[in-house]
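No hydrogens, no waters, no symmetry mates; every other heavy atom, side chains included, goes into these values.
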Amino acid sequence: MSTSNSNLSGIGLMIAATFAFTLNDTLLKLATEGLPPYETLFLRGVAASLWSIPLIAFTGNASRLGEMFNRRVLLRNSFELVAVLFFILALANLPIADITALIQVAPMLMLAGIALIFRERIRPIQWLLIVIGFAGALLVAQPGGAGFSVYTLLGLGCAAMTAGRDIVGRRVPKEIPGPVVAVCTILLVTLGAGIAHAVLESWTVPDPRHLLLLAGSGLFLMFGHLFVFLAYRTGDVGATAPFFYMFTLWSLASGVIVFGTLPNPLALAGMLLILVSGVTIVTIDGRRRRLSPVA
C-alpha cells in the first residue's frame, strides 16, 4: 500500500474512532439519567471489559497481557483514571459538546508540559497557538457567566489529567502493544469507578434501558480504542492525528440531535478556536518530527 493510501486509511480510521468515542459518550450520558455517575462508569467498564476479550483475540495479544503491569503503563493509566472520574461528573452535568471542547485543550497542555518537564524546544508559533487554544477554552467555560460551575472546572481538570496521561505515555516502551495498554486502561478505570461508587454512592438497580445503553457504550468504547490503535499503525501520525479533533464536531452534532442543546455563540467561537489551534499544533509538530534528522 502506498504512503498516500496508508494515510487515507489512517485518516478514515481516526474519523471512525472519534465517531465511536462520541457514541460511547452519548450513550454514557443518557445512562446517567437515573443512575449515579460512578455506578454508571463502573457498569460501562464491566461491559467494555467483556467487549475487550475479542479485541485482544483479534490483535493476537492475549499472551502479552502481563505487560499491563509495567510501571509506566500503570502510571499512564492512573492519570487516565483520574481524568475519567472527573469526566463522568462533568458529562452528567454539562452539554456534551461543551465538555468535549474543554477536553480538546489536552494536547496543548501536553505540549506545554513537555516543554517544562523535558525541556523540549517549543517554537513561538506553537506557544501562540497554545494561548489561542486556552482563549477558546475560556470562551467555552465562560467564567463569571451563568453557565460556569464546578463541573466546568472538572472538565478542565480532565484535560489536565489527559495531558499528564499522554506525557507519561510517551515514556511507555514502544514494544508494549497498544491494545494491552487499552485493556489495562479499561480495567483500571472500572476498578477505580467501583471503589468510588462504593465509597461515595448508594447502589441503584439499573433497569433494562440502562443496561442496554451501557452495553452499547462499552462496545463503542472498545471500537474507539481499536480504531485509534489501527489508525496510528496504518497512517503517519502527522497525517492522522489532526483528525482526532473531529471529536468536537461529532459531539456538537450529538448535542443537537440527541439532547437538543446548542452552545451559545461565544462557546461556538471558543470551539472553533480550539479546533483550529489544536489541528495546527498537531500538524506543525508532525511536520517537525518528519523533518528532524534521525541520529
Side-chain angles (χ1 to χ4, degrees), residues 10-12 14-26 29 83 86-87 90-91 93-113 122-149 151-163 166 224 228 231 237-288:
I11 289 168
M14 182 60 78
I15 292 172
T18 59
F19 185 63
F21 280 131
T22 301
L23 288 176
N24 154 62
D25 291 342
T26 300
K29 183 173 177 64
F86 285 171
F87 173 77
L91 181 67
N93 294 278
L94 290 176
I96 189 170
D98 287 16
I99 180 61
T100 301
L102 291 172
I103 294 171
Q104 297 305 295
V105 303
M108 303 167 211
L109 291 172
M110 182 189 74
L111 198 63
I122 303 298
R123 296 164 60 186
I125 182 63
Q126 291 174 302
W127 282 117
L128 175 61
L129 290 167
I130 289 172
V131 172
I132 292 173
F134 289 157
L138 289 175
L139 288 176
V140 174
Q142 296 173 31
F148 185 77
S149 69
Y151 301 110
T152 307
L153 294 177
L154 287 174
L156 292 171
C158 178
M161 291 298 104
T162 301
D166 293 337
V228 163
V237 173
T240 57
F243 288 87
F244 192 76
Y245 282 87
M246 283 294 295
F247 242 134
T248 301
L249 300 181
W250 292 131
S251 297
L252 186 61
S254 172
V256 173
I257 296 170
V258 180
F259 301 102
T261 59
L262 181 66
N264 62 38
L266 279 179
L268 287 172
M271 291 177 190
L272 182 61
L273 286 178
I274 293 170
L275 190 65
V276 171
S277 59
V279 169
T280 307
I281 280 176
V282 172
T283 302
I284 289 174
D285 189 56
R287 185 178 295 118
R288 179 181 65 81

With sequence neighbours left out, write down each residue that passes side-chain hydrogen bond (donor to acceptor under 3.5 Å, both in side chains) with [X], or none if nothing qualifies.
X: Ser277; answer: none
X: Ser254; answer: Thr26
X: Thr22; answer: none
X: Asp166; answer: none

Restricting to side chain to side chain contact (heavy atoms under 4.5 Å, CB included), what partner residues turn up for [X], sequence neighbours left out?
X: Ala267; result: Gln142, Pro263, Asn264
X: Ile15; result: Ile11, Phe243, Met246, Trp250
X: Ala112; result: Trp127, Ile130
X: Thr100; result: Ile96, Gln104, Phe247, Ser251

Rounded to the nearest 0.5 Å, what separation is found between the [atom1] atom of [X] and the [atom2] atom of [Y]?
X: Leu109; Y: Ile103; atom1: CG; atom2: CD1; value: 11.5 Å
X: Met271; Y: Leu275; atom1: CE; atom2: CG; value: 10.5 Å
X: Leu268; Y: Leu262; atom1: CG; atom2: CG; value: 5.5 Å
X: Met108; Y: Ile132; atom1: CE; atom2: CD1; value: 9.5 Å
X: Leu94; Y: Leu102; atom1: CG; atom2: CG; value: 7.5 Å
X: Leu273; Y: Phe134; atom1: CG; atom2: CZ; value: 13.0 Å

Give the C-alpha distance, both sets of side-chain angles, the deciding distance and a yes or no for side-chain contact (heavy atoms from CB on, under 4.5 Å) between Cys158 and Thr162.
CA-CA 6 Å; Cys158 178; Thr162 301; 4.1 Å; yes
Over all atoms of both residues, closest heavy-atom pair of Pro95 and Thr261
CB-OG1, 4.2 Å
Phe87 vs Met161 side-chain heavy atoms within contact, under 4.5 Å
no
Tyr245: ring pair (Phe, Tyr, Trp, His ring centres under 6.0 Å) partners, not counting sequence neighbours
none
